[in-house]
Amino acid sequence: MPGPASESPAPPHIPVLLDEVATALKTAGGLAIDGTFGAGGYTRALLERDPALRIIAIDRDPSAIAAGQPLVAASAGRLRLVPGRFGDLDALLRDTGEAQADHVVLDIGVSSMQLDAPERGFSFRLDGPLDMRMGTDGPSAADLVNEADEAVLADIIYHYGEERRSRAVARAIHEARRRGRIETTGQLAELVAGVVRAEPGSHIHPATRTFQGLRIAVNDELGELVRALHAAERVLRPGGRLAVVTFHSLEDRIVKQFFAARSGRSAHGSRHLPGAPVEAVRSFSLVTKGPVLPGEAETARNPRARSAKLRAAERTESDVPEPLAALTALASLPEAARGSHRR
């Protein structure tokens, strides 16, 4: 994860697993979709590596769209930036007049430039308004923290943040907001640090998991990922490739189970997809047999890469199966969470 911002100019964005993503996509002209444009790292590199490639890049963050305009101007018509959610990439593609794509790349999670902007409220290291919205619409993290039921907060922090002390954190939030609204990242980080103790020798801030859980809930990140995987399946031509880079276990589990189901590797079911039907239609063949991880040189150069995993698959000629309902359930808060053994 990137460190805090400073008064010096921000370092250039370093796309994670760039060479591995380019190899997995195996572009040779055609049309690519960058569903998570961000600072434009993948888009810029792919345009430079393949002069015959065209790209439609999507981002829900207006600041990312604005910051990418110089790259559009320099692309000689090969790049088009589209505001929107990557879960709607098939509809957004149709709106541009295109029907299918040859490559899709998704870099899941919060971007470096969002983390490094205090006014966006993503980082506990930089005090700012408790926002966390990747776009400009919908409830903010402050709305969620100050208005959600204590039990719902506990479920969000436990399931999306993987915080074992979720119930204690939710209780502390509930008590604190009775005295006044929690409005800043600093307030929330200090509150969580009073309940969750840092593990000896760990450099991970006690509020890390709570912030992750709230951010995922505010932006419906796992639901967006599930929708994007199915949308990419619909728009890719036979032989087209989908590459997905994830940064934590919840995201990777969804991508892994999607590719396993669609390639026929989970024909006998999965503990992560209970009750999933046997898939007769194999819409993808695996390009990566397991997750591709960054090497030591990359993690030394770019600490954000440390938790990254790349998975990729190639679209077959099969028809598009029905969406995996069990995968949607995997991205949702389980009702059973209320009766779990969180402390």
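Both backbone and side-chain heavy atoms feed into the values below; hydrogens, waters and symmetry mates do not. Residue numbers count from 1 along this sequence.
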Under the salt bridge (charged side-chain N to carboxylate O under 4.0 Å, His left out) definition, can you give me all pairs with a residue in residues 35-56, not counting sequence neighbours? Asp19-Arg49, Arg54-Glu98

Testing the basics here: between Ala57 and Thr43, what is the closest heavy-atom pair and its distance to 0.1 Å? CB-OG1, 4.0 Å

Partners meeting side chain to side chain donor-acceptor pair (under 3.5 Å) with His248 (sequence neighbours left out): Glu251

To check you understand the geometry: which heavy-atom pair defines the closest contact between Ala228 and Leu89, and what is its length? O-CD2, 4.0 Å

Test log, rule side chain to side chain contact (heavy atoms under 4.5 Å, CB included), inputs Val320 and Arg315: CA-CA 10 Å; Val320 179; Arg315 187 70 170 85; 3.1 Å; yes

Evaluation steps, salt bridge (charged side-chain N to carboxylate O under 4.0 Å, His left out), between Arg253 and Glu162: CA-CA 14 Å; Arg253 184 173 64 183; Glu162 301 177 294; over 6 Å; no

Working to the nearest 0.5 angstrom, can you tell me the gap between Leu153 CG and Ser166 OG? 10.0 Å

Linking I/L/V/M/F/W/Y whenever any side-chain heavy atoms sit under 4.5 Å apart, do Ile65 and Val105 land together? yes

Donor-acceptor pair, Arg241 side chain versus Ala312 backbone, under 3.5 Å? no

Check whether Leu106 and Leu293 end up in the same hydrophobic cluster, where Ile, Leu, Val, Met, Phe, Trp and Tyr are linked by side-chain heavy atoms less than 4.5 Å apart. no

Euclidean distance, Leu327 CG relative to Arg262 CZ, rounded to 0.5 Å: 8.5 Å

Side-chain contact test, heavy atoms from C-beta onward, threshold under 4.5 Å: evaluate it for Tyr160 versus Glu221 and give yes or no. no

Contact check, side chains of Val16 and Arg304, non-hydrogen atoms, under 4.5 Å: yes

More than 12 heavy atoms of other groups within 6.0 Å of Glu314 CD: yes

Please round to the nearest 0.5 Å and tell me the distance separating atom CZ of Phe86 and atom CG of Leu229. 8.5 Å

Closest heavy-atom pair, Pro83 versus Leu92, reported as atoms and distance to 0.1 Å, is O-CD2, 4.0 Å

Answer yes or no: does atom CD of Gln69 have more than 12 heavy-atom neighbours from other residues, nucleotides or ligands under 6.0 Å? yes

Correct closest heavy-atom pair for Ala193 and Pro206 would be CA-CB, 4.1 Å

What is the distance from atom CG of Asp155 to atom CG of Leu333, rounded to the nearest 0.5 Å? 6.0 Å

Side chains of Leu25 and Val287 in contact at under 4.5 Å (non-hydrogen atoms): no

Checking side-chain polar atoms at under 3.5 Å, does Ser140 have a donor or acceptor matched by the opposite partner on Asp143? yes

Looking at Ala176 and Ile182, what are the two nearest heavy atoms and their distance? CB-CD1, 4.1 Å

Tell me, which pairs form a salt bridge (charged side-chain N to carboxylate O under 4.0 Å, His left out) where one or both residues lie in residues 222-231, sequence neighbours left out? Arg85-Glu224, Asp220-Arg227, Glu224-Arg227

Please test Val218 against Asp131 for side chain to side chain contact (heavy atoms under 4.5 Å, CB included), starting from the C-alpha separation and ending with a verdict. CA-CA 9 Å; Val218 165; Asp131 194 318; 5.9 Å; no

Check whether any side-chain heavy atom of Leu130 sits under 4.5 Å from a side-chain heavy atom of Thr185, and report yes or no. yes

Any donor-acceptor pair under 3.5 Å linking the side chain of Asp127 with the backbone of Gly186? yes

Go through the steps for Arg60 and Asn219 under the test side chain to side chain contact (heavy atoms under 4.5 Å, CB included), then give the verdict. CA-CA 10 Å; Arg60 67 197 287 186; Asn219 297 289; 3.9 Å; yes

Does a side-chain heavy-atom distance below 4.5 Å link Leu53 with His103? yes

For the CD1 atom of Ile33 and the CG atom of Leu93, what is their distance to the nearest 0.5 Å? 4.5 Å

Determine the minimum heavy-atom distance between Ser307 and Phe247, stating which atoms define it. OG-O, 3.0 Å

I'd like to check the side chain to side chain donor-acceptor pair (under 3.5 Å) partners of Ser332; sequence neighbours left out, ordered by chain and number. none

If I take atom CG from residue Asp61 and atom CZ from residue Arg133, how far apart are they, to the nearest 0.5 angstrom? 11.0 Å

Quick one: list whatever passes side chain to side chain donor-acceptor pair (under 3.5 Å) with Arg234, sequence neighbours left out. Asp90

Is it true that a side-chain atom of Thr36 and a backbone atom of Ile108 form a donor plus acceptor pair closer than 3.5 Å? no

Taking it one step at a time, do Tyr42 and Ile55 satisfy side chain to side chain contact (heavy atoms under 4.5 Å, CB included)? CA-CA 10 Å; Tyr42 290 116; Ile55 297 180; over 6 Å; no

Are His230 and Phe258 packed together at the side-chain level, in the sense that at least one heavy-atom pair is separated by less than 4.5 angstrom? yes

Kindly write out the residues that satisfy side chain to side chain donor-acceptor pair (under 3.5 Å) with Arg78, not counting sequence neighbours, or none if the list is empty. none

Do Ile216 and Gln212 have side chains that get closer than 4.5 Å, going by heavy atoms? yes

Test item: Ser318 side-chain N/O and Arg282 main-chain N/O as donor-acceptor pair under 3.5 Å: yes

With clusters defined by side-chain heavy atoms of hydrophobic residues (ILVMFWY) lying less than 4.5 Å apart, directly or transitively, does Leu144 cluster with Ile173? yes

Indicate yes or no: at least one non-hydrogen side-chain atom of Glu150 is less than 4.5 angstrom from one of Arg171. yes

